[in-house]
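Notes follow once the structure below has been shown.
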Amino acid sequence: MALDSKVPQGPLKDKWTDYKNHINLVNPANKRHIDVIVVGTGLAGGSASATLAELGYNVKSFAYQDSPRRAHSIAAQGGINAAKNYQGDGDSTYRLFYDTVKGGDYRSREANVYRLAEVSANIIDQCVAQGVPFARDYGGLLDNRSFGGVLVSRTFYAKGQTGQQLLLGAYSAMNRQIARGKIEMFNRHEMLDVVVVDGKARGIIARNLVTGEIERHSAHAVVIASGGYGNVYFLSTNAMGSNVTAGWKVHKKGAYFANPCYTQIHPTCIPRSGDYQSKLTLMSESLQNDGRIWVPKNLEDVTAIREGKLKPTQLTEDQRDYYLERRYPAFGNLVPRDVASRAAKERCDAGYGVNATGEAVYLDFAASFERYGSEQAKIQNISNPSAAKIKELGQEIVRAKYGNLFQMYEKIVDENPYETPMMIYPAVHYTMGGVWVDYNLMTTIPGCYAIGEANFSDHGANRLGASALMQGLADGYFVLPYTIGDYLSDDIRTGKIATDTPEFDAAEKEVTERIEFFVNNKGTHSVDYYHKKLGKIMWDKCGMSRNKAGLEEAVEEISALRKDFWKNVIVPGTATEYNEQLAKAGRVADFLELGELFAKDALVREESAGGHFREEHQTEDGEAKRMKEFQFVSAWEYKGEPKDAVLHKEALVYENIEVKERSYK
Ligand SMILES: Cc1cc2nc3c(=O)[nH]c(=O)nc-3n(C[C@H](O)[C@H](O)[C@H](O)COP(=O)(O)OP(=O)(O)OC[C@H]3O[C@@H](n4cnc5c(N)ncnc54)[C@H](O)[C@@H]3O)c2cc1C
């Protein structure tokens with residue numbers, strides 16, 4: 001199949017405007033006759049549902065949680081980017097576009113990213129109008145902060161709860177439409193298949209998770225907004241329920257999948273504590289502004305610390321290795337996320353990890369306590385302050401900046417990070433791959449769209465912070481509502497889509513048979529047993545650093561694990577009750593297929609990009625080269641010529657596990 005990204009002709013900066021001026025529209029009276037299914041109510045799906053309903057379409061929204069406001073988007077802490085240039089520091093649409101393409105290691109589709117930057121400013125206006133309480137400065141104007149990898153302050157935030165506040169905004173917009181009857185909300189419903197009729201997506205099969213009932217829902221178009229699949233690694237910072245099922249089902253029905261192996265790995269997470277953990281917690285990247293990362297220089301000290309015979313605070317400066325400051329003096333502790341993550345892994349792999357699992361490095365605020373404390377002592381005219389006074393004054397400043405994060409750390413780890421350095425380790429955070437979409441956000445199944453983290457198009461191989469929220473809301477509030485109209489304008493006379501057709505029969509049968517298999521298979525191992533094993537293969541062999549032999553092993557091991565799963569999995573309970581294990585069995589079955597595709601994708605990419613490093617490159621020289629690239633790729637300039645896809649490399653695109661096409665447009 002030839003992929004057509006359908007990027008409009010013309011200069012980059014005019015594409016979206018020209019596109020909007022020339023697409024087909026559906027008039028308000030006709031919108032009433034058109035149904036749209038939206039799977040997912042996170043920032044992407046919630047904003048899309050509310051906007052489509054506001055426009056007049058009949059929307060059916062689905063979420064597996066008990067309320068739209070429990071979508072994983074609620075966890076987002078740091079902020080959302082927008083090219084408002086409120087700080088007057090030189091920001092512009094072009095700069096946001098440029099930073100995002102560069103941050104994506106030049107693997108994102110330029111036309112989509114330019115559009116994203118263009119509509120970013122509208123998102124802030126929309127959310128402020130909804131009442132989202134963005135942080136404001138002393139004078140009452142919207143405040144901004146800076147995130148890694150950029151030279152301007154363009155990140156809007158609401159304390160450390162930006163995702164939550166944005167989601168409440170989208171949720172209230174949805175609720176207005178639910179009350180009007182324009183959105184029919186299906187909470188606790190899981191989409192288990194898409195139904196394709198005459199080559200077009202015309203509905204879904206969903207399971208009521210409370211009663212176990214299998215339902216048919218039809219529509220003129222289906223939108224997948226099901227979020228990311230970082231939980232393929234078992235442990236990640238994602239919500240426990242995040243999964244790939246919706247995206248995977250449309251993939252299996254013919255939608256192409258792109259860049260499955262691109263995963264953002266965040267350096268600042270609370271380390272795994274042992275084998276019985278099911279979730280990882282993110283600490284904000286902002287901590288690296290004031291914390292210094294180190295491990296002991298000597299292995300004997302590492303052993304003594306692990307055995308509890310030595311405290312990190314007892315080590316003198318010359319017994320510590322501030323490895324980021326040593327290796328990257330220009331960036332120090334604020335190297336990009338991928339570099340910080342790999343460097344921590346390298347030290348831990350060499351035996352310097354400071355906790356029981358050997359997978360932790362220190363993030364130490366002692367120097368900041370002293371720096372801020374000395375400054376405060378001067379400001380407060382305290383002459384000859386004692387060391388204790390300086391520390392106390394410094395801690396007050398740090399508490400004001402990051403108090404809630406310190407508190408969260410203490411609750412989870414049961415150690416006071418004001419007195420002993422925090423421990424951190426990299427963790428899987430975000431997936432950039434997903435269902436392939438064209439400029440219209442349509443997958444390769446006509447009438448089936450994918451938006452938000454579930455699609456692949458905007459962010460390439462590496463993520464800047466604060467751009468996922470921007471993408472989800474851009475797609476839902478400002479892009480899809482236009483592009484889907486162009487498609488639906490052909491459907492104004494179609495009428496209701498029937499559900500008593502052979503296509504619905506076949507899809508429902510497949511779903512039912514799979515569920516029956518799970519509850520009737522009296523195997524020996526739990527679903528989590530397989531999920532954990534998959535996660536270990538993924539992390540060890542398809543994680544931050546990868547090599548050919550390891551990836552080949554991963555492909556074999558995942559395939560064997562999948563066969564074992566289908567033979568020996570056991571799912572307690574029945575199919576006609578609320579059965580979390582049954583729901584999870586289906587999700588893990590899909591992760592086991594995605595995992596293999598993921599490993600194959602990583603195997604054929606003989607490159608280091610974004611968060612991943614082929615071990616062949618993982619030398620100090622290789623890392624230095626990557627850093628140099630990060631600093632100096634600014635030499636790249638967009639030349640204004642329309643390109644069909646991305647600047648350097650188009651996505652590797654897969655169909656049904658086999659690699660069908662490798663296209664470099
Ligand atoms: C800890 C953490 C912090 C983050 N902080 C930031 C940040 O500060 N800034 C930023 O830009 N990004 C951040 N991100 C990334 C960002 O939060 C996500 O990329 C974004 O929220 C994804 O939104 P979404 O709408 O695509 O998906 P989600 O919010 O994951 O929503 C998915 C929806 O799909 C539904 N769903 C899924 N499968 C099915 C199915 N089969 N059937 C029915 N419903 C289904 C779910 O119920 C849910 O409603 C962070 C990520 C993490 C993990």
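Counting starts at 1 for both ligands and their atoms, following the listed order.
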May I ask whether T162 places a heavy atom under 4.0 Å from ligand 1?
no
Heavy-atom nearest neighbour of atom 20 (C) of ligand 1 within options S73, G247, S226, A427:
S73
Any nitrogen or oxygen of V39, side chain or backbone, less than 3.5 Å from one on ligand 1?
no
For atom 2 (C) of ligand 1, which of M470, Q77, H429 has the closest heavy atom?
H429
Going by atom types only, do Y430 and N238 share a side-chain donor-acceptor pair under 3.5 Å?
no
Find the distance between OG (S120) and CG (N81) and round it off to the nearest 0.5 Å.
8.0 Å
Should D91 and Q87 be marked as a side chain to side chain donor-acceptor pair (under 3.5 Å) after you check the CA-CA gap, both sets of side-chain angles, and the distance that decides it?
CA-CA 8 Å; D91 201 9; Q87 304 305 317; over 6 Å; no
With the threshold set at under 4.0 angstrom, would you say G228 reaches ligand 1 through any of its heavy atoms?
no
For the residue pair W539 and Y233, does the interplanar ring angle fall in the parallel (under 30°), tilted (30 to 60°) or perpendicular (over 60°) class?
perpendicular
Using 30° and 60° as the class limits, which term best fits the ring planes of F565 and Y530: parallel, tilted or perpendicular?
perpendicular
N/O to N/O below 3.5 Å, does that happen between T245 and ligand 1?
no
I'd like to check which ligand 1 atoms, numbered from 1 as shown, lie under 4.0 Å from a non-hydrogen atom of G78.
7 (C), 8 (O)
Sub-3.5 Å N/O-N/O distance, Y64 and ligand 1:
yes
Non-hydrogen atom of A466 closer than 4.0 Å to ligand 1
yes
Contact between S242 and ligand 1, counting heavy atoms under 4.0 Å?
no
For ligand 1, which atoms, with element, lie under 4.0 Å from some heavy atom of H189?
42 (N), 43 (C)
Out of all atoms in ligand 1, which are within 4.0 Å of some heavy atom of A76? Include the element for each.
3 (C), 4 (C), 5 (N), 6 (C), 7 (C), 13 (C), 17 (O)
For G227, counting its heavy atoms only, list the atoms of ligand 1 lying under 4.0 Å from any of them.
26 (O), 27 (O), 30 (O), 32 (C)
Checking the N or O distance criterion of under 3.5 Å, is ligand 1 in contact with L282?
no
With rounding to the nearest 0.5 angstrom, report the OG1 to CZ distance, T281 to R272.
14.0 Å
Minimum distance, heavy atoms only, to atom 9 (N) of ligand 1: which one of A468, A450, G79 is it?
G79
